[in-house]
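A quick write-up on the structure given underneath.
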Amino acid sequence: CCDYGMATNLASSIKTRTNVHSFAEFGYDLRDMKANCDLNDIRDAVDIYRNGKNAKDGETTFRSLKKCSTIANSADYLFEPTFAFQMYGLAGGSVENYMNHATFADDYVEQFFSDNNGISCHYAVEAALNLNLWTHAAHKLWQGSETCAKVEQGQLNLEAAGIDFIPYYDQFLAMWIGFGQKDLGTSKGHSLYANAQKIGDKFGTTSPQSSVNTNILSLYERASGLLSTGCSNNLTNDAANGLWKINTQIISQMMIPHIQHLIEAMKMNDSLRVKLYATIVLPQMSQCRRSTFNLLKKELLDQDFHLLKFSTLLHELQTTYECFGVTCRDIGTYNGDPSTACHDPSPTSAFAGYIPSTNVRQQAKIDLDIHQMDILLDFDNDAAWNIAKNIYWNGKNSMMHRDDTSEPLEFRSLRIMANFQFLSSVSFYNYFTQYFNETHYAHAAIMDSFDNLEAGLYTQSKIQRKAVILKTIQTHVIWMQAVAEMGDALQDCQNGNRNDNDGNADGWDEVAAYLIGSLEGPATGGSAYNHDGQLIWNIANKFGFDFGRDNSDNYAITNAFIRNLLLAGKGEIFAGDCNNLFMTMSKLQHITLIPMIQGVIKYAVLNENLSFDSQSTNVATGVVFAKSILPIVDSYDASSALMIKANLIPQEGQKLVREGPQAVVDAFLPILHEFGIECNFIGKYKGIDPCKNYVYVQPENPNPINPGSGAKSLTCSLLLTFISVA
């Protein structure tokens with residue numbers, strides 16, 4: 001595909017390290033297609049699109065913009081992050097029939113050409129640029145990082161392959177800038193760079209170079225630097241992981257011109273262009289809040305746009321910027337029109353009604369990593385699973401604080417959370433490590449499921465492996481992170497510095513971020529659409545409905561209690577009342593276990609009398625919920641833990657829940673006594689009632705001990721607080 005010994009000059013002073021001349025020639029193909037459309041010469045425009053004209057791929061063959069789309073049927077293209085979400089979104093947020101959309105870009109262009117008139121011809125050229133070439137350029141980014149990973153893992157020897165330098169980032173840049181772009185900072189060109197300049201001028205984001213182009217060129221240089229010094233066979237994946245993070249940022253920048261074009265088309269009531277740009281923006285939005293994706297897909301993609309809905313739909317679109325990793329300032333204002341302006345969420349915007357005092361929005365975005373993993377793990381494809389594994393390993397959405405924006409961007413990762421050493425100071429964490437005899441028990445369970453290892457005495461199906469991965473992250477990793485942040489907030493209170501955290505965040509605000517997440521939205525109680533959230537708050541809301549324990553505002557009583565405790569803790573921190581903060585923290589740690597208890601009960605009912613080797617996802621989910629509470633139950637009452645384990649954890653030759661779900665429920669009764677929680681706050685599930693054999697007993701030690709010391713008792717005042725929110 002390339003001559004590795006020759007560089008290519010692109011515009012002003014841009015010079016690639018490899019010969020990517022033929023990729024830059026796509027700019028001339030676009031130029032010539034447009035010229036043919038101007039002359040109403042549709043046939044020649046179509047011929048260039050289908051067969052190519054300038055971009056030689058050998059002595060007699062040419063690359064073509066059509067092939068940029070039709071090669072998407074190849075295995076390495078289908079399950080790259082950008083394209084996987086594109087197909088998922090086009091399929092309506094489903095993995096059913098996703099292959100029907102693999103050549104969506106070519107289908108769109110050919111549809112315009114079939115109209116056989118000059119106006120549609122120009123639409124076809126615009127679509128070929130923004131759909132075909134754009135997706136192929138994104139493909140080159142992921143091809144580059146994947147090739148680097150293969151080198152680092154010893155699967156590819158560059159020297160033996162005769163490759164001096166991995167060319168894919170150069171190929172990306174050649175397609176982005178293209179030949180015909182004589183100077184940087186102008187729109188006098190034919191490819192994606194000029195496109196970003198033209199639309200950036202309309203949105204006030206050029207000076208003279210658009211911020212998109214400035215950022216992409218800078219990130220390209222960082223990627224080239226990594227390729228120059230890394231990608232060696234060291235089994236560390238350091239360079240590949242760095243390229244993953246750079247790709248994530250470049251894709252965010254690449255989305256900006258599409259969003260700008262969509263806003264312009266909506267404002268101008270240009271229904272054809274609304275559909276064109278919705279075809280690329282809306283599917284990518286499937287990575288974001290499900291309810292917003294569903295609404296905008298319906299209004300902009302599935303049916304014709306109505307100008308009367310402009311303000312409402314624009315607002316919904318603007319709420320997704322944060323998910324895409326861009327800001328209102330990045331997008332700009334169309335021709336200075338205030339009706340297209342927006343304001344980024346306040347750094348202290350609410351999470352499900354809790355208003356933080358410091359900026360923890362990035363911490364809350366860790367739920368986007370889980371949501372996107374959830375989508376990818378739906379695909380019955382190892383490549384898609386590998387993308388999910390990369391998100392787990394490297395992070396994708398939750399950005400770390402930088403004092404200097406010129407520093408490389410880092411993401412929080414679920415892997416780091418699952419392995420964080422400071423958790424050893426948390427008593428709950430020590431219960432888990434002792435019970436499982438594994439320091440990084442959650443990480444081990446997740447990686448075993450990714451790597452398709454046997455779990456216990458049965459081999460997991462793919463849907464079971466997915467359940468183990470996601471539910472372990474939710475109920476073990478993120479919950480334990482929230483508990484650790486509670487202890488950190490208490491220590492900060494005692495030290496008189498509540499902002500002694502990354503980015504000067506208040507540790508208590510971080511607790512709220514990890515319990516609630518970004519996807520719940522600002523409204524008290526969280527999202528009305530119960531498929532939005534991904535953290536404990538969402539689990540509690542779902543189980544609140546299942547167990548009849550939702551309040552008159554249609555969210556879980558458990559969450560009402562959590563919110564009250566979060567607000568109480570915030571006030572105690574501001575007042576410097578660390579003693580009462582400790583009491584509040586203790587209550588909060590234990591009340592967040594209620595969804596786990598409800599999970600065990602629910603899956604005890606659903607799994608009763610199933611075979612130990614059942615491939616039902618309910619079996620795997622029940623195992624994870626059981627393991628999320630077993631170490632704590634064991635620390636209070638070993639016999640209760642044995643009862644739960646014997647019924648929920650598969651044992652060879654034994655039926656699941658063979659002693660019945662009521663026996664499992666009754667095993668929690670001693671723990672409810674210790675927690676000071678009455679049985680009715682758990683609720684009933686399909687006739688199984690925690691209150692059937694419950695007798696309230698005053699805890700032996702009503703005064704809590706510091707959780708860091710390994711204490712097991714909790715104040716009975718938890719009961720009184722429960723009553724106050726019921």
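Numbering starts at 1 and runs along the sequence shown. All values below were derived from every heavy atom in this structure, side-chain atoms included, with hydrogens, water molecules and symmetry-related copies excluded. Computed from a predicted structure; not experimentally measured.
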If only side-chain N and O atoms count, and only distance matters, is there a donor-acceptor pair under 3.5 Å linking [Y] with [X]?
| X | Y | answer |
| --- | --- | --- |
| Ser398 | Arg412 | yes |
| Lys396 | Gln372 | yes |
| Asp666 | Gln662 | yes |
| Asn607 | Asn618 | no |
| Thr433 | Glu438 | no |
| Glu572 | Asn580 | no |
| Ser527 | Asp532 | yes |
| Ser357 | Asp509 | yes |
| Trp479 | Thr592 | yes |
| Asn538 | Asn541 | no |

- Please step through ring-ring contact (aromatic ring centres under 6.0 Å, His included) for the pair Phe428 and His590, ending with a clear verdict. CA-CA 10 Å; Phe428 281 148; His590 289 82; 5.5 Å; yes
- Geometric class of the Trp385/Phe450 ring pair [parallel <30°, tilted 30-60°, perpendicular >60°]: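 Geometry flag for Trp385 against Phe450: perpendicular rings.
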Please check if the number of heavy atoms outside [X] that lie under 6.0 Å from its [atom1] is greater than 12.
| X | atom1 | result |
| --- | --- | --- |
| Lys570 | NZ | yes |
| Asn609 | CG | yes |
| Lys645 | NZ | no |
| Leu610 | CG | yes |

Tell me, do [X] and [Y] make a side-chain contact under 4.5 Å, heavy atoms counted?
| X | Y | value |
| --- | --- | --- |
| Phe543 | Thr558 | no |
| Ile473 | Met373 | yes |
| Phe351 | Pro356 | yes |

What pair of heavy atoms forms the shortest contact from [X] to [Y], and how long is it?
| X | Y | value |
| --- | --- | --- |
| Ile516 | Leu535 | C-CD1, 3.7 Å |
| Pro690 | Lys684 | CD-CA, 4.5 Å |
| Pro631 | Phe436 | CG-CE1, 3.7 Å |
| Gln615 | Gln464 | C-NE2, 3.3 Å |
| Leu368 | Ser518 | CG-OG, 4.2 Å |
| Gln494 | Cys578 | N-SG, 3.6 Å |

- Task: Using modelled atom types only, decide if a donor and an acceptor are shared between the side chain of Arg465 and the backbone of Ser449 within a distance under 3.5 Å.
- Result: yes
- Message: Is there a side-chain contact (heavy atoms from CB on, under 4.5 Å) between His476 and Phe432? Walk through the geometry before answering.
- Response: CA-CA 9 Å; His476 291 64; Phe432 280 78; 4.1 Å; yes
- Between Trp508 and Leu581, is a side-chain contact (heavy atoms from CB on, under 4.5 Å) present by the stated rule, with each step listed? CA-CA 10 Å; Trp508 197 253; Leu581 175 64; 3.9 Å; yes
- Task: Kindly determine whether Val665 and Asp689 satisfy side-chain contact (heavy atoms from CB on, under 4.5 Å), including the steps that lead there.
- Result: CA-CA 8 Å; Val665 173; Asp689 186 0; over 6 Å; no
- Message: Apply side-chain contact (heavy atoms from CB on, under 4.5 Å) to residues Arg658 and Gln651 and explain how you reach the verdict.
- Response: CA-CA 11 Å; Arg658 59 187 180 275; Gln651 301 175 61; 3.9 Å; yes
- Query: How would you list, by chain and number, every residue that makes a salt bridge (Lys or Arg N to Asp or Glu O under 4.0 Å) with Lys542, sequence neighbours excluded?
  - Reply: none
- The complete set of salt bridge (charged side-chain N to carboxylate O under 4.0 Å, His left out) pairs with one or both residues in residues 363-376, sequence neighbours excluded, reads Arg290-Asp374, Asp374-Lys466
Only distances under 3.5 Å count here; give the side-chain donor-acceptor pairs of residues 619-626 to other protein atoms, sequence neighbours excluded, each with its distance to 0.1 Å.
residue: Thr621; atom: OG1; partner: Thr617; partner atom: O; Å: 2.9

- Message: Checking Thr348 against Ser346 for the side chain to side chain donor-acceptor pair (under 3.5 Å) test, could you report, in this order, the C-alpha distance in whole Å, the side-chain angles of both residues, the deciding distance, and whether it holds?
- Response: CA-CA 5 Å; Thr348 55; Ser346 165; 3.2 Å; yes
